[in-house]
Structures are given as structure tokens and as C-alpha cells.
Amino acid sequence: MNWQIPLSDIDFGPEESAAVQAVLTSRWLTMGAVTQEFEQAFAAFTGAKYTLAVSNATAALHMACLALGLGPGDEVIVPSLTFVATANAVRYVGATPVFADVNNYHDFNISPQAVESCLTHRTRAIIVVHYAGYPVDMPAILEIARKHNLKIIEDNAHGVGATLDGRQLGTWGEIGCFSFFSNKNMTTGEGGMLTTDNETLFEKLRALRSHGMTSLTWDRHKGHAWSYDVTELGYNYRIDEIRAALGLEQLKKLERNNARRRQLTELYRAAIHEFAPEVIIPFSNHPGTPSCHILPALLPPNWERLAVMEGLKTQGIQTSIHYPPIHTFSAYQNLSRKADLPVTEEIASREITLPLYPAMKDEDVVSVVMAIQSIMVRTL
Ligand SMILES: *Cc1c(COP(=O)(O)O)cnc(C)c1O
């Protein structure tokens with residue numbers, strides 16, 4: 001399909017090509033100076049004390065659950081209106097995901113009240129997802145965590161560069177998990193990052209990334225640099241130098257691209273307000289500075305969503321749905337306590353995601369909204 005206006009688009013230029021070429025020329029392909037430089041740049045950017053580049057955000061979430069000691073018998077509260085990886089990570093360690101509802105039609109983030117209603121004596125942690133890069137109410141979530149002695153993992157796959165009260169998303173909880181998948185605000189193809197301020201967690205995460213092998217520093221310290229110990233069951237969740245080089249270049253463009261995404265989002269809000277006011281664009285006047293990862297729109301209940309999506313497709317406009325809720329998937333039928341998620345289910349049945357990417361033109365936004373209006377007129 002040759003889309004006139006695709007759902008998303010990467011921003012790669014000669015800088016990315018040159019950075020990759022430099023790695024190839026260096027002949028050192030994994031876990032070297034470029035990865036360290038990427039981790040340091042990401043720490044400087046986010047303000048996190050420790051960073052670890054990893055193979056993807058799913059691996060980051062898995063490691064976060066392991067590092068916090070979550071396991072069988074433990075319950076972890078997660079939203080259902082997210083990508084399946086958020087809940088899968090909880091299951092990888094044998095813990096049980098418990099789904100909490102989201103706030104309302106104007107705020108698709110996990111609801112602190114809903115979180116409280118999910119608490120049991122088994123609850124150990126909460127994984128928040130900053131939907132589309134709009135901040136979750138972190139002060140309220142941290143207060144619940146403090147009161148009930150819970151750990152907070154941030155699935156910040158959407159929110160790289162977004163802030164709340166001037167503080168970067170991903171640095172509010174114990175561990176932040178970032179994704180650099182192809183359609184995210186900055187990309188390395190596949191890739192991810194872990195952030196934490198806790199040195200013990202950092203050391204644990206670093207060991208998990210590479211088979212639980214003792215570090216070179218440790219080897220030097222012990223005086224046997226030619227061997228190593230394996231102190232726990234770890235994984236190969238490493239990134240390579242090629243991807244780290246892409247990440248460094250993408251990080252340089254992030255703030256400019258996020259600003260453009262915010263601008264386009266405001267244009268969408270204005271155009272929808274003028275031409276299709278029945279459609280809700282959530283998170284208007286939301287606290288903080290969002291990363292505007294995607295452009296979610298909530299169609300009126302009497303509109304046929306698939307007809308709108310098909311109609312837009314015939315005009316070359318690509319759309320998507322964020323998300324089919326996790327608790328409705330076959331693989332999740334026998335797992336969780338019976339989930340009561342009326343807001344999630346209503347949003348999931350009416351949401352469509354419209355095109356948004358930094359190189360999108362102002363006129364494209366108007367085209368998309370006019371197309372929605374024309375389809376609406378035809379179907380009514
Ligand atoms: C993309 C995404 C992930 C998974 O990221 P990968 O890097 O592809 O593993 C997890 N959670 C959310 C909310 C995402 O959007």
C-alpha cells in the first residue's frame with residue numbers, strides 16, 4: 001500500500017548513515033564505546049543517574065520485573081489499554097497482571113482510583129504507561145505506592161522526552177523502560193533503554209543484561225581477567241554499536257521532533273474543533289509537556305469505526321487502533337481476576353489513531369480532518 005499520508009514515519013538522514021558507517025569501519029560491533037556514549041547521553045538528557053541500553057523495551061520491562069524481585073504469587077497492577085508487552089513482562093516472571101481502568105474519555109491513562117480498587121495483600125508493583133506520551137498522574141501514583149509499599153515501573157515506550165513538573169517521564173518510578181522500536185519518537189530499529197537512580201538495581205540490571213556474568217571491573221579487581229563467574233540466571237538483552245550509533249543521532253533530533261509533534265497535535269485539535277467537533281481528541285490541557293507519540297481520536301458512539309478507517313484508506317490515509325485491550329486477548333482469558341474495565345472497553349471500541357510524524361505537513365492535518373468530515377457526512 002502506497003499511503004498518501006502514512007500513520008508514522010522515521011526521521012533518518014545522512015547523519016544516521018554516517019554514524020552507522022563509522023561503526024562498520026571501526027570493526028567493533030557490540031557493547032563498546034558507542035553504546036557507552038549513548039547511555040551517557042541518555043542519562044544526561046533524562047537526568048537519570050544510571051542508564052542501560054538494551055535490545056528492546058520488552059526486554060527492559062522483563063528485566064525491571066526481575067530486578068524488583070517480582071515472581072509467582074505477586075500481583076502487578078497494569079493498564080489494559082496498552083501494548084501487550086506491558087502485561088507480558090509481568091507474566092514472564094510468573095507474577096500476575098491485574099488490570100486497572102483508565103481515567104475517562106479525555107484522559108486514557110491509568111486511573112489512580114482504579115489502581116486503589118485493585119489493591120490486595122499480594123500487590124507488589126504498578127506498571128504505568130504514559131499513553132501517547134501524556135504524563136500519568138505520577139504524584140498520585142507515588143502516594144499510593146508509598147502508602148502500600150509498592151514498586152513503580154514506568155513503561156515509557158511512548159514518552160521519551162516528555163516531562164511532568166519539569167521532570168522527565170521514566171525517572172519518576174524505581175525503573176524506567178524506553179523503546180526505540182521503528183515507530184517510536186526516536187528509533188534504532190529495535191532497541192530500548194533502562195533508567196534508574198538506584199545503584200543496587202542498576203548493578204542487578206546490568207548483570208541480567210549479559211547472562212549474569214561478573215563484570216570486567218570485578219575481574220580486574222579479583223585479578224583473573226581471563227575468566228568470569230555467573231552469579232545468577234541472566235539473558236542476552238544487549239544492544240549493538242550500530243543501533244547505539246543510530247540512537248545517538250536520533251537523540252539529537254528528539255526535542256525538535258517532539259516540538260513538531262506538539263505543534264501538529266495542536267493543529268489537529270483546532271481542525272477537529274472546526275470541522276468534526278463530535279470527535280474527541282483526548283488530553284487537551286493535560287499537565288506537563290507531552291511527547292505526542294501518537295494522535296488518538298475518540299469517535300462518537302454512533303459512528304462506524306471500520307467504515308471511517310476504510311474510507312480514510314481509500315483516500316490514502318493510514319490509521320490504526322491503540323489498543324485492542326489486553327484483557328480481551330485469548331492468551332489472557334484464564335489469567336487475571338475478572339477485569340471490570342468499562343472506560344477502557346468503551347475507548348477501545350471507539351478510538352482511532354490518526355497520522356502523526358515530524359515531517360507531516362500542516363496541510364496534511366487539514367486533509368485528514370476534512371476526509372473524516374466527508375466520510376462522516378456520507379455515512380450519516
Ligand atoms: C512499543 C511498546 C512496547 C514494546 O517496545 P519494544 O521495544 O518493541 O519491545 C512496550 N510498551 C508500549 C506501551 C509500547 O508502545
Side-chain angles (χ1 to χ4, degrees), residues 7-8 10 38 42 51-66 76-93 97 99-100 102 108-110 125-136 152-162 169-170 172-173 175-195 205 208-209 235-240 242-244 246-247 250-251 254 258 261 282-283 290-296 320-327 329 331-332 344 347-348 351 353 356-357:
L7 184 65
S8 69
I10 55 170
F38 182 33
F42 204 80
T51 49
L52 272 178
V54 294
S55 37
N56 54 69
T58 307
L61 287 162
H62 182 195
M63 292 162 75
C65 290
L66 287 167
V76 180
I77 298 174
V78 300
S80 180
L81 195 69
T82 174
F83 186 57
V84 67
T86 314
N88 277 355
V90 175
R91 291 179 57 189
Y92 294 160
V93 301
F99 296 109
V102 296
F108 295 3
N109 277 330
I110 195 165
I126 307 166
I127 306 183
V128 298
V129 177
H130 305 284
Y131 185 105
Y134 294 90
V136 166
I152 305 293
I153 299 169
E154 288 177 84
D155 176 343
N156 197 28
H158 294 189
V160 63
L169 301 189
W172 286 75
I175 300 175
C177 303
F178 295 76
S179 174
F180 308 132
F181 182 65
S182 318
N183 64 2
K184 299 302 194 315
N185 286 32
M186 56 176 277
T187 182
T188 61
E190 299 277 0
M193 188 75 76
L194 281 159
T195 56
L205 291 165
L208 287 168
R209 181 174 67 175
Y235 299 81
N236 176 357
Y237 281 164
R238 298 184 300 261
I239 198 167
D240 60 54
I242 302 164
R243 289 179 173 81
L246 287 171
Q250 288 279 285
L251 187 57
L254 181 69
N258 279 358
R261 287 171 181 276
F283 300 107
S291 60
C292 296
H293 168 51
I294 53 173
L295 197 296
S320 179
I321 295 171
H322 288 85
Y323 286 94
I326 301 175
H327 72 284
F329 291 142
Y332 274 82
T344 294
I347 289 171
E351 193 270 346
T353 303
L356 183 67
Y357 48 92

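For ligands, and for the atoms within them, numbers begin at 1 and follow the listed sequence. Position 1 is the first residue of the sequence, and the numbers go up from there.
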**Q** Classify the contact between Y323 and ligand 1 as side chain, backbone, both or neither, using a heavy-atom distance cut-off of under 4.0 Å.
**A**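 Contact part for Y323 vs ligand 1: side chain (C-beta onward).
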
**Q** Where on A157 is there a heavy atom closer than 4.0 Å to ligand 1, on the side chain, on the backbone, on both, or on neither?
**A**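 Side chain only; the backbone of A157 stays clear of ligand 1.
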
**Q** Heavy-atom distances under 4.0 Å decide this one: backbone, side chain, both or neither, for T58 against ligand 1?
**A**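 Contact part for T58 vs ligand 1: both backbone and side chain.
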
**Q** Report the nearest protein non-hydrogen atom to atom 15 (O) of ligand 1: residue, atom name, distance rounded to 0.1 Å.
**A**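 Looking only at protein heavy atoms, the one closest to atom 15 (O) of ligand 1 is H158 NE2, 2.9 Å.
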
**Q** Short question: side chain of E154, backbone of L169 - any donor-acceptor pair under 3.5 Å?
**A**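 It does not hold such a pair.
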
**Q** With under 30° as parallel and over 60° as perpendicular, where do the rings of F83 and Y323 fit, or are they tilted in between?
**A**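 Ring orientation of F83 relative to Y323: tilted.
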
**Q** In terms of relative ring orientation, are H62 and Y92 parallel, tilted or perpendicular, with 30° and 60° separating the classes?
**A**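 The rings of H62 and Y92 stand perpendicular, inter-plane angle above 60°.
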
**Q** Before signing off on this row, confirm whether S179 and ligand 1 have an N or O atom pair separated by under 3.5 Å.
**A**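 S179 vs ligand 1: N/O contact under 3.5 Å present.
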
**Q** Would you mind checking which non-hydrogen protein atom is closest to atom 8 (O) of ligand 1, with the distance to 0.1 Å?
**A**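 Answer for atom 8 (O) of ligand 1: F181 CB, 3.8 Å.
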
**Q** Evaluate the ring planes of F42 and F38, with Trp represented by its six-membered ring, and classify them as parallel (under 30°), tilted (30 to 60°) or perpendicular (over 60°).
**A**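 It falls in the perpendicular class, over 60°.
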
**Q** Please verify whether a non-hydrogen atom of K184 lies at under 4.0 Å from ligand 1.
**A**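 Judged by the 4.0 Å heavy-atom criterion, K184 does count as contacting ligand 1.
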
**Q** Taking only residues two or more places apart in sequence or in another chain, which ones pass ring pair (Phe, Tyr, Trp, His ring centres under 6.0 Å) with H130?
**A**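 Listed in chain order: nothing, the list is empty.
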
**Q** Report the nearest protein non-hydrogen atom to atom 3 (C) of ligand 1: residue, atom name, distance rounded to 0.1 Å.
**A**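 It is F83 CD2, 3.7 Å.
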
**Q** Considering the heavy atoms of T82, write down every atom of ligand 1 situated less than 4.0 Å from one of them.
**A**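 Heavy-atom distances to T82 below 4.0 Å select 13 (C).
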
**Q** Under 4.0 Å from any heavy atom of G191, which atoms of ligand 1 are there?
**A**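 This gives 7 (O) as the contact atoms.
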
**Q** Please determine which of V54, D240, N56 meets the side chain to side chain contact (heavy atoms under 4.5 Å, CB included) test together with E190.
**A**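 Checked V54, D240, N56 against E190; only one passes side chain to side chain contact (heavy atoms under 4.5 Å, CB included): N56.
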
**Q** Do the rings of H327 and F99 sit parallel, tilted or perpendicular, given the 30° and 60° boundaries?
**A**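 If you compare the ring of H327 with that of F99, the planes turn out tilted.
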
**Q** Can you spot which of N258, L246, V160 makes a side chain to side chain contact (heavy atoms under 4.5 Å, CB included) with M186?
**A**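 So the option named by the test is V160.
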
**Q** Could you find the nearest protein heavy atom to atom 10 (C) of ligand 1 and give me its residue, atom name and distance?
**A**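 Nearest protein contact, heavy atoms only, for atom 10 (C) of ligand 1 is D155 OD2, 3.6 Å.
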
